[in-house]
Amino acid sequence: MDVYGLIGNPVGHSLSPPMHEAGYDELGLDARYVTFEPAPDAAARAVDAAAALGVRGLNVTIPFKRDVLDAVDADPLAARIGAVNTIDLGPTTDAGDSVRPRGYNTDAAGVTRALAHHDVDPSGAEAVVIGAGGAGRAAAFALADADASVHVANRTAERAHELAGDVPRATGSGLDDLESRVAGADLLVNATSVGMESPEKTPVPAAALHGDLTVLDAVYTPIETRLLRDAADAGATTVDGAWMLLFQGVEAFEIWTGATAPVAAMNAALRDRLE
Ligand code: NAP
């Protein structure tokens, strides 16, 4: 049996086990997905331990996405983003040695594949990404690499400027001119946690939303945020955060197994737990 897993702290409410196991079941793979909660300073040791135990792949979540960089060979995109959320530990060799773990950032593919699933092509789009944390970094790189022009808007303007400096052709600012930025945009990604703790809150006033916009909200609890409701009312195309969560998992599944992931089965398992 192949074992895959998640390291994070906490991981108690993760939706990844049912999502991935639905994929294994659908394809008839003899595999299981388990969660691990290492101590805050033990990320690199946890990766080594998983490799020694023959675990085939790990997802990585808060607070370890940066910490594991030293324990893996990061692929170029993960290195540019500065965070790893998927580690391929590979099979051990006949001699019992495992190859050096390879690190990926599938949150970026989560954004572009969620958009593609809704027939949204970021190429040539004017995109506004709100947020400059982990999700914001992944979204900004993903969209720039898909040939969108990216503006990063963040509560702490300095972090927006810093991220914009790393991303090709991107600009950055605080939130002061957010409404006019969104009014002129084709694509909006909320990569802040606004709307999660307080579901009545939204990062963008409804008046700024419009029918030519596609809005992807990274928040997935609740699945229908106030931002997405306002966007739908304005006639915008909406993509909820569960699609991003699904496709980051689909991408990891495909890296690990080499198989085409059964998207519908994984989506059904995820949405069962969210709705
Ligand atoms: P993070 O690294 O902690 O970043 C949080 C971001 O939110 C920062 O840019 C922060 O701005 C901003 N923020 C927080 N509270 C705010 C407020 N009241 N007003 C304005 N901005 C605020 O977190 P993260 O990992 O990027 O996650 C962000 C959200 O994306 C979370 O809801 C998370 O669940 C979601 N997410 C979803 C997926 C998915 O697959 N759907 C994947 C990853 C994350 P400052 O820099 O000013 O603090």
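Hydrogens, waters and symmetry mates are skipped; everything else that's a heavy atom, side chains included, is used. Numbering of residues begins at 1 and proceeds along the displayed sequence. Order of appearance sets the numbers: ligands from 1, and atoms from 1 within every ligand.
Heavy atoms of Thr192 found under 4.0 angstrom from ligand 1 belong to the backbone as well as the side chain. Both the backbone and the side chain of Thr156 come within 4.0 Å of ligand 1, counting heavy atoms alone. Of the heavy atoms in Ala191, only backbone atoms (N, CA, C, O) come closer than 4.0 Å to ligand 1.
Below 3.5 Å of separation, one finds an N or O of Arg155 facing an N or O of ligand 1. Between Leu175 and ligand 1, no N or O atom pair is found at a separation short of 3.5 Å. Below 3.5 Å of separation, one finds an N or O of Leu245 facing an N or O of ligand 1. On a distance-only criterion, Gly131 and ligand 1 share no N/O pair closer than 3.5 Å. Of the N or O atoms in Asp107, none lie within a sub-3.5 Å distance of an N or O in ligand 1.
Closest of all the heavy-atom pairs between Glu200 and Arg226 is O-NH1, 2.8 Å. Annotation for Gly172 and Ala164: closest pair N-CB, 3.6 Å, computed over non-hydrogen atoms.
Shown in contact with Gly241 at under 4.0 Å from a heavy atom are these atoms of ligand 1, numbered in order with element: 41 (N). Remark: ligand 1 atoms within the under-4.0 Å shell around heavy atoms of Val194 are 16 (C), 17 (C), 18 (N), 19 (N), 20 (C). Under a 4.0 Å criterion applied to the non-hydrogen atoms of Met196, ligand 1 contributes the atoms 32 (O), 34 (O). The Val219 neighbourhood of ligand 1 comprises atoms 32 (O), with distances under 4.0 Å to a heavy atom of that residue. If you number the atoms of ligand 1 from 1 as listed, the ones under 4.0 Å from a heavy atom of Arg159 come out as 8 (C), 45 (P), 46 (O), 48 (O).
Here Leu15 contributes atom CG and Leu270 contributes atom CG; the two are 5.5 Å apart, rounded to the nearest 0.5 Å. Expressed to the nearest 0.5 Å, how far CH2 of Trp256 lies from CG of Leu29 amounts to 12.5 Å. Between the CG atom in Asp107 and the OG1 atom in Thr61 there is a gap of 8.0 Å [rounded to 0.5 Å].
Less than 4.0 angstrom separates atom 42 (C) of ligand 1 from at least one non-hydrogen atom of the protein. Within the 4.0 Å cut-off (strictly below), no protein heavy atom is located near atom 33 (C) of ligand 1. For atom 11 (O) of ligand 1, the nearest protein heavy atom lies under 4.0 Å away. For atom 23 (O) of ligand 1, the nearest protein heavy atom lies 4.0 Å away or farther.
For atom 35 (C) of ligand 1, the nearest non-hydrogen atom of the protein is Ala218 O, 3.8 Å. For atom 14 (C) of ligand 1, the closest heavy atom belonging to the protein is Ser193 OG, 3.5 Å. Taking atom 9 (O) of ligand 1 as the reference point, the nearest protein heavy-atom neighbour is Asn154 OD1, 2.6 Å. Shortest contact from atom 26 (O) of ligand 1 to any protein heavy atom: Ala135 N, 2.7 Å. Of the protein's non-hydrogen atoms, the one nearest atom 4 (O) of ligand 1 is Gly133 CA, 3.5 Å. Of the protein's non-hydrogen atoms, Gly134 N, 3.0 Å is the one closest to atom 2 (O) of ligand 1.
Judged purely by atom type and a 3.5 angstrom limit, Asp75 uses its side chain to pair as donor or acceptor with the backbone of Ala78. Side-chain N or O atoms of Thr112 include one that pairs as donor or acceptor with a backbone N or O of Ala108 at under 3.5 Å. The closest donor-acceptor contact from the side chain of Ser14 to the backbone of Val11 lies at 3.5 Å or more, if one exists at all. Side chain of His118 to main chain of Val120: no donor-acceptor pair is present (N/O by atom type, distance under 3.5 Å, no hydrogens or angles).
Ring centroids of Tyr4 and Tyr24 are separated by less than 6.0 Å, placing the two rings close together. Aromatic rings of Phe247 and His117 (six-membered ring for Trp) have centroids within the 6.0 Å cut-off, being under it.
Judged by the 6.0 Å distance and 45° axis criteria, Arg113 is not positioned over the aromatic ring of Trp243.
Between Asp166 and the choices Arg137, Arg80, Arg159, the salt bridge (Lys or Arg N to Asp or Glu O under 4.0 Å) rule is met once, by Arg137.
Annotation for Glu37: atom CD counts as buried by contact number, over 12 foreign heavy atoms lying within 6.0 Å.
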